[in-house]
Amino acid sequence: MQYESRNIEQKWQARWARERVYRTDGDPKKEKYYVLVEFPYPSGNGLHVGHARPYTAMDVVARRRRMQGFDVLFPMGWDAFGLPTENYAIANKIHPAEVTRRNIAFFKSQIDMMGYSFDWDREVNTTDPGYYRWTQWIFLKLLEHGLAYKARMPVNWCTSCKCVLANEEVVDGVCERCGSEVVRREKSQWMLKITAYAQRLLDDLDLVEYPERVKAQQRNWIGRSEGADVDFATTAGETLRVYTTRPDTLFGATYMVVSPEYPYVEAWRDKLENYGEVAAYRAAAARKSDFERTELQKEKTGVRLLGVDAVNPATGGVIPVFVSDYVLMSYGTGAIMAVPGHDERDWDFARAFGLPIVEVVAGGDVQTAAFTDVETGTLVNSGFLNGLEVRQAKAAMIEWLAGKGLGRAVTNYKLRDWVFSRQRYWGEPIPVLHCPACGAVPVPETELPLLLPEVASYEPTDTGESPLSKMRDWVDAVCPRCGGPAERETDTMPQWAGSSWYFLRYIDPKNGTAAVDGALARRYMPVDWYNGGMEHTTLHLLYSRFWHKFLYDIGVVETPEPYARRTSHGMILGEGGEKMSKSRGNVVSPNEIVDQYGADTMRLYILFIGDFEKAASWSPQAVKGCRRFLERVWGLLDRAAPGAVSPAHEAEIHRTIRKVGEDIEHLKFNTAIAALMALVNRFYETGVTRGDLRVLLTLLAPFAPHICEEMWEQLGYKGFVVREPWPAFDPAKTVEDEVEIAVQVGGKLRATVVIPTGAADEDVLAAALAEPRIRKTLDGRRVVRHIYVKDKLINLIAGK
RNA sequence: GCGGUCGUGGCGGAAUGGCAUACGCGCUAGCUUGAGGUGCUAGUACUCGACAAGGGUGUGCGGGUUCAAGUCCCGCCGACCGCACCA
């Protein structure tokens, strides 16, 4: 009989749906297991093989967990707000909600073809008012707890489109769409105070199981550093406060630098002899894009503030103050003390401006290069610090500064607060009103969801305001606090908002009175296993951890961390190892493969393609190998002899059960499939019984469920194979009666001998010595000692 | 520069310190089918040797530890990913 993959797959997908076999049953007698994949943005391009890799992998995990008897929660939904949809809507004059509806329908049909075991009863959609009502509710809670605030922030402004761009839309300093220059503009933005959680986000990485590279990236992004604030007196009267991680080098501070945006530059206007020059420099810096300020940073530029000097509190010396764009307003205090002898940037600047370079840590040659080593140097030219090591000197200096009230130990983070507003239409409206009398007033919770109104045009306005700002009858409202006239906030939330808590909504997707029921959250949280792409290991992971910690603080959830285990898959590249992209024309749709070979082949190949955590190149040739394998599995139907598991295969079958299970846990899907292939090869070599085949089908079912279901039925077994218990293995049965071991002489392989499993040391030695090739190699020499590794190897060491 | 990951056949890739190259692709030869971009069987790291028996060498390079190293340690070289004027 032919293996008709297409018919088989449609047949079983329909039956699974009819019997709702993948529903999370909530059975309290079962232990829960929550498997999560990142929900897709339903773009118009449809499903990509890149989606299939993580979905298939986690589908295997979810299926195995069900077979192991867990109450499995494996949901799917749509992260549907976002710019591509909005841009498509603008270009084609279709409502973004309609675009979203169509894209979701298309995506869902493609996902269904793959035979995934999602529980569609729990589908969520971030653009559904029943969903974003609670996204808005979380925002109000953040506002209530002082974690949302408004601030003036520089934003990306496209000079041609006349609109604000998200960072992702700025590519190499130009607008992604029109290619014109992008500059920074100040705009008032909603911000979320994620920095208040910086330390907990860092500390609690110890509570979770993430790959080391992911933890490292999170730590790096949070960027904790320890140092000190130091106050410098100035001739203008104001104190210049700087942050430094090297207070030990204070005696070597020969000048200071403030960032172009530093407020004193304006405050000192009248004192500056060269204000015009300074203002021109500042204006030039503002015009520079982020790209220019970072990429084209070879030459240090700056202007001295003539008329104002500072005093080094350690030396008492008068030192000049400069403005330069190598100092950022957004980190530390926006001003630095420059120690050119021991900081590369300061060294470059000092060289460019002919400033003195003083050595205060011995160990290098500061006239040649900055000496930045903190491990080996000792302090010199530093008064009371002389002779100390760097670490001691830091502590001594902080103590000295603190005693004089001139400084204090400070911990700093690179993490910045989250810019939470977008001047866009297709996002969650921020539920706030601006009242001239009361200020920013939250929309009452009872009025949520604050619906996104219908607008005539989704195009951004010339001023960079959201399209919502044109809707006067929506904007004009009544202040809920004083009853006076007020205006609605017209900015919307970023796409990150909806995805920062979606894992909670899956638990209780239809709840109309709470974001999630407390008892249900207690049952299903935390997510036991969350897999996603490396591109989300900083922002999405950090944002959702932040929101979850906040929800923990206000009692919505009871686990401090949302994800117990996080894993990451590698990207699927095109044939030549290049990234798949529309412009290269090398994008592969999983449905092409499903049409040609079937979903089971596609599922197997996407997992067999290589190490799950590494990038892998698509190979159309190699797909055939997986189809061939399934043909061979199918061919076993005609070969299966009656009978239980055959003694000849028992050991290998038990080993395969163990290996497939362990490999799934360790993301080694490729070797799990290889083990199944090897078992099938063995069945072809030495025959197969119905009992053998039965076990094979239960092991293969998570990977290739359709063919297994069909064969299960044809063999006359009852029920669904996907509901069978996962087979148990008996460690005692994984070993053969006899085993071939390696015989080495002096560490080199010389022969192999077959011994009874578990044979005693002396017996193995005797067997090895009886081997003709070993006698020949030894050539009369005596064996002075030997190392025997049970059932593996014996190594003979010969004397002279 | 900082942080992280990693270098194994023609290719994707396997190997708790214990027989390197499992499994798959590709390739070669033979058989099968009217034909084959089908299926089956055998072979497939390099090298000396007669493509034999039998040796030797092999996991980026150089050292080291060990009875034994792809695996552990030290030093190079190279690749990839993330961050980056973060004081």
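The chains referred to below are lettered A, B, ... by the order of the sequence lines, with proteins before strands, and numbering in each begins at 1. Since this is a predicted model, take the numbers as computed values, not measurements.
- Here the CD1-CG distance, from A/Ile357 to A/Leu355, works out to 8.5 Å after rounding to the nearest 0.5 Å.
- Position along RNA chain B of the nearest nucleotide to A/Ala216 versus A/Gly223 favours A/Ala216 as the more 5'-ward residue.
- Using a 4.0 Å heavy-atom distance criterion, A/Glu631 is classed as making no nucleic acid contact.
- Between the NE2 atom of A/His342 and the P atom of B/G1 there is a distance of 21 Å, rounded to whole Å.
- Atom name P, nucleotides B/C80 and B/U71: the rounded distance is 23 Å, in whole Å.
- B/U16 makes up no base pair with any nucleotide shown, lacking Watson-Crick or G-U wobble contacts both under 3.5 Å.
- The CG atom of A/Asp791 sits 12 Å away from the C1' atom of B/G18 (whole-angstrom rounding).
- Residues satisfying the side-chain hydrogen bond (donor to acceptor under 3.5 Å, both in side chains) criterion with A/Asp365, sequence neighbours excluded, are A/Thr368.
- The salt bridge (Lys or Arg N to Asp or Glu O under 4.0 Å) contacts involving residues 662-676 of chain A comprise A/Arg64-A/Glu665, A/Arg65-A/Glu665, A/Lys659-A/Asp663, where partners must be two or more places apart or lie in separate chains.
- The CG atom of A/Asp346 sits 13.5 Å away from the CZ atom of A/Arg351 when rounded to the nearest 0.5 Å.
- Taking the six-membered ring where tryptophan is involved, the planes of A/Phe353 and A/Phe349 are essentially parallel, since the angle between them stays under 30° and well short of 60°.
- Pair check for B/A53 finds none; no Watson-Crick or G-U wobble contact set falls under 3.5 Å.
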Please tabulate the protein-to-nucleotide N/O contacts below 3.5 Å involving nucleotides 53-59 of chain B, giving atom names and distances.
from, atom 1, to, atom 2, distance (Å)
B/G55, OP1, A/Arg773, NH2, 3.0
B/G56, OP1, A/Arg750, NH1, 3.3
B/G56, OP1, A/Arg750, NH2, 3.3
B/G56, OP2, A/Arg750, NH1, 3.3

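- Pairing for B/A22 is absent, judged as Watson-Crick or G-U wobble with the two contacts each under 3.5 Å.
- With sequence neighbours excluded, the residues forming a ring-ring contact (aromatic ring centres under 6.0 Å, His included) with A/Phe546 are A/Tyr197, listed by chain and number.
- Between the A/Arg655 side chain and the A/Val735 main chain, no donor and acceptor come within less than 3.5 Å of each other.
- In this structure, A/Gln2 places its CD atom where only 12 or fewer heavy-atom neighbours from other residues, nucleotides or ligands lie under 6.0 Å away.
- Residue A/Tyr243 contributes atom OH, which lies 6 Å from atom P of B/A87 at whole-angstrom precision.
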message = So if I define the base as every atom that isn't primed, P, OP1 or OP2, how would nucleotides 73-83 of chain B read as a B/S/- string at a heavy-atom cutoff under 4.0 Å?
response = ---------BS
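- The aromatic rings of A/Tyr543 and A/Trp418 sit parallel, their planes meeting at an angle under 30°, below the 60° perpendicular limit.
- Between the side chain of A/Gln744 and the backbone N or O of A/Leu793 there is no donor-acceptor pair closer than 3.5 Å.
- The separation between A/Leu676 atom CG and B/G24 atom C1' is 13 Å, rounded to whole Å.
- With A/Arg781 contributing its side chain and A/Thr777 its backbone, the two residues share a donor-acceptor pair below 3.5 Å.
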query = When every nucleotide of nucleotides 6-17 of chain B is labelled 5' to 3' by its protein contacts under 4.0 Å (heavy atoms), B for base, S for sugar-phosphate only, - for none, what sequence of letters results?
reply = ------BSSSB-
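- In this structure, A/Glu344 atom CD and B/A84 atom C1' are separated by 13 Å, rounded to whole Å.
- Here, B/G75 and B/C67 have their P atoms 24 Å apart, quoted to the whole Å.
- Residues forming a side-chain hydrogen bond (donor to acceptor under 3.5 Å, both in side chains) with A/Thr686 (at least two apart in sequence, or on another chain): A/His649.
- Applying the side-chain hydrogen bond (donor to acceptor under 3.5 Å, both in side chains) test to A/Ser5 and every residue at least two apart in sequence or in another chain returns A/Arg627.
- Using a 4.0 Å heavy-atom distance criterion, A/Thr752 is classed as a base contact.
- B/G17 and B/A69 have their C1' atoms separated by 7 Å, with the value rounded to a whole Å.
- Note: CD (A/Gln621) to P (B/C23) measures 20 Å, nearest angstrom.
- The closest side-chain donor-acceptor pair between A/His342 and A/Asp373, if any, does not fall under 3.5 angstrom.
- More than 12 heavy atoms of other shown residues, nucleotides or ligands fall within 6.0 angstrom of atom CZ in A/Arg219.
- Taking the C1' atom of each, B/G3 and B/C73 are spaced 22 Å apart, rounded to whole Å.
- Glycosidic conformation of B/G9 is syn; the angle stays within 90° of 0.
- Taking a pair to require two hydrogen-bonding distances under 3.5 Å in either a Watson-Crick or a G-U wobble arrangement, B/C2 pairs with B/G82.
- With a cut-off of 3.5 Å on both Watson-Crick or G-U wobble distances, the partner of B/U59 is given as none.
- Comparing the C1' positions of B/G56 and B/C40 gives an interatomic distance of 37 Å, to the nearest angstrom.
- B/U71: no Watson-Crick or G-U partner with both key distances under 3.5 Å is found in any strand.
- Across the protein-nucleic acid pair, A/Tyr262 atom OH and B/A87 atom C1' stand 14 Å apart, rounded to whole Å.
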Can you name the atoms? Protein N/O to nucleotides 66-70 of chain B N/O, anything below 3.5 Å, with the distance.
from, atom 1, to, atom 2, distance (Å)
B/C67, O2', A/Asn795, ND2, 3.2
B/C67, O2, A/Asn795, ND2, 2.7

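- Using N1 to N3 plus N6-O4 or O6-N4 for Watson-Crick, or N1-O2 and O6-N3 for G-U wobble, each under 3.5 Å, B/U41 pairs with B/A29.
- In this structure, A/Arg565 fails the cation-pi test against A/Tyr210, since its NZ or CZ atom is not both closer than 6.0 Å to the six-membered ring centre and inside 45 degrees of the ring normal.
- Comparing B/A15 with B/G70, their P atoms sit 16 Å apart, to the nearest whole Å.
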Can you give the donor-acceptor pairs under 3.5 Å from side chains of residues 225-232 of chain A to other protein atoms, not counting sequence neighbours?
from, atom 1, to, atom 2, distance (Å)
A/Ser225, OG, A/Tyr243, OH, 2.8
A/Ser225, OG, A/Tyr331, OH, 3.1
A/Glu226, OE2, A/Arg224, NE, 3.3
A/Glu226, OE2, A/Arg224, NH2, 2.7
A/Asp231, OD1, A/Arg241, NE, 2.7
A/Asp231, OD2, A/Arg241, NH2, 3.3
A/Asp231, OD2, A/Arg408, NH2, 3.3

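- A distance of about 35 Å separates the C1' atoms of B/U66 and B/C11, rounded to the whole Å.
- Taking atom CZ on A/Arg627 and atom P on B/C23, their separation rounds to 22 Å, with Å as the unit.
- The main-chain N or O of A/Thr195 is found under 3.5 Å from a side-chain atom of A/Asp417 such that the two form a donor-acceptor pair.
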ask   = Where along nucleotides 30-46 of chain B does protein come under 4.0 Å, by heavy atom, of base (B) or sugar-phosphate alone (S), with - for untouched nucleotides?
value = ---------SS------
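- Residue A/Asn681 is in sugar-phosphate contact alone, with no base atom involved, counting any heavy-atom pair closer than 4.0 Å across all strands shown.
- Partners of A/Asp638 by side-chain hydrogen bond (donor to acceptor under 3.5 Å, both in side chains), not counting sequence neighbours: none found.
- Look at the C1' atom in both B/A14 and B/C19: the space between them is 15 Å, to the nearest Å.
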